[in-house]
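All remarks here apply to the structure that follows.
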Amino acid sequence: MTWTAAVAGATGYAGGEALRLLAAHPQIEIGALTAASSAGTQLGQHHPHLASLAGRTVEPTEAVRLARHDVVILALPHGASGEVTAAIEAEARAAGTDPLLIDCGADHRLTDPQAWAAFYGSDYAGAWSYGMPELLHAGERTASAQRAELAATRRIAVPGCNVTAVTLAAQPGIAAGLLDTSPDAPAITAVLAVGYSGAGKSLKPHLTAAEALGSAQPYAVGGTHRHIPEITQNLLVAGAGSGAGRLAFTPVLVPMSRGILATVTAPVTSAVHDSDDPTAMLRQAWAQAYGGPGEDGEALIHLLPQGTWPTTGAVAGSGLATVQVAYDPVARAATMLCAIDNLGKGTASAALQSLNLALGIPETTGVITEGVAP
């Protein structure tokens, strides 16, 4: 069976990556490609690497154009897709259709309207099914509940890229009860090295090559980053205590095009600290969640051999995530790392995984499972 898919925001980085994957998907036929200010141009002016689509004309982002498709992927700025998805739903109801809507923006991720208001400051559009198939729920050791939800939904919110890296790094320890997230425990700390494509295509002085090359730049420092409530939301789903809300999160732009390397530190429970081999105890939880080296498990999340550390280069251009965990005996903490391509596993690959589940086809269909090196 073949489905038609439209992409709104097709000229941006996320939209382009979604199109790169859809172009190779054996059961998807690409329909309308839409944007705002670049409507009327050819896609090749914005994504010359998409040779098979380069001659396609970019159309205006209008609900009537999008609603006639089986699938609509929205890669729009935060705060923009809520209005567009509401219009698409109205058009679909009038036409008696029900397209699968997949939002790569933030508008439908948060379940707490107050958190949305605090970090985004616009009207709350409501929460959709969360597009991270590997999200562990409290009591789970391998992901199943989230996949079941995605298989039954027609509305999917793709996670934030930073959120994906931090969640995949830490959630096995949360779900297994090995990280101390009680109110009196030290805060979870996450420091991320982030590639510049994560900042989008907007021309800003600090994003130019003259400012970026040879320089690392922190941003959204001091608890202001919009992904913080989404990370907390995921850790609570995995079974964290209320102390998970005290997340110290600092992203740093580094001079690379793609990639996120997240380093997450959290206190461990006394059961870990007092065990004969804390590292082995931690690794067992990660291996149970994702599969150990050389074992069957999550197709797109690889727990690396002990002593091997994730790198962004190894996952560039793919839908893979690599993870590692180690025990710091002085800090009595777990150090957890995750590397992803922010446009791949961090956005478009997650959208494709979720699309596949919702359409009832194998989850990794069309997802690139090999990185690019060097």
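Scope of the values below: all heavy atoms of this structure, side chains included, with no hydrogens, waters or symmetry mates.
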Would you say CG of D296 has more than 12 non-hydrogen atoms from neighbouring residues, nucleotides or ligands within 6.0 angstrom? no
Tell me if the CD atom of Q27 is crowded by more than 12 foreign heavy atoms within 6.0 Å. yes
Side-chain donor-acceptor pair under 3.5 Å between [X] and [Y], yes or no?
X: E140; Y: S144; value: yes
X: Y327; Y: H273; value: yes
X: H137; Y: Q146; value: yes
X: T85; Y: H108; value: yes

Find out whether I28 and L355 are in side-chain contact, i.e. whether some heavy atom of one side chain is under 4.5 Å from a heavy atom of the other. yes
Side-chain contact, heavy-atom cut-off 4.5 Å: V71 with I102? yes
Pairs meeting criterion salt bridge (Lys or Arg N to Asp or Glu O under 4.0 Å) with involvement of [range], two or more places apart:
range: residues 49-66; result: E59-R65, E62-R65
range: residues 123-134; result: E134-K345
range: residues 95-111; result: D98-R154, D98-R155, R109-E230

Over all atoms of both residues, closest heavy-atom pair of H225 and P229: O-CD, 4.2 Å
Check A244 against L235 and note the closest heavy-atom contact, atom names and distance. CB-CB, 4.3 Å
Audit row: T41, H46, side chain to side chain donor-acceptor pair (under 3.5 Å) steps and yes/no: CA-CA 9 Å; T41 63; H46 311 278; 2.7 Å; yes
For H78 and Y120, take the angle between the two ring planes, folded into 0 to 90°, and tell me which bin it lands in: parallel under 30, tilted 30 to 60, perpendicular over 60. perpendicular
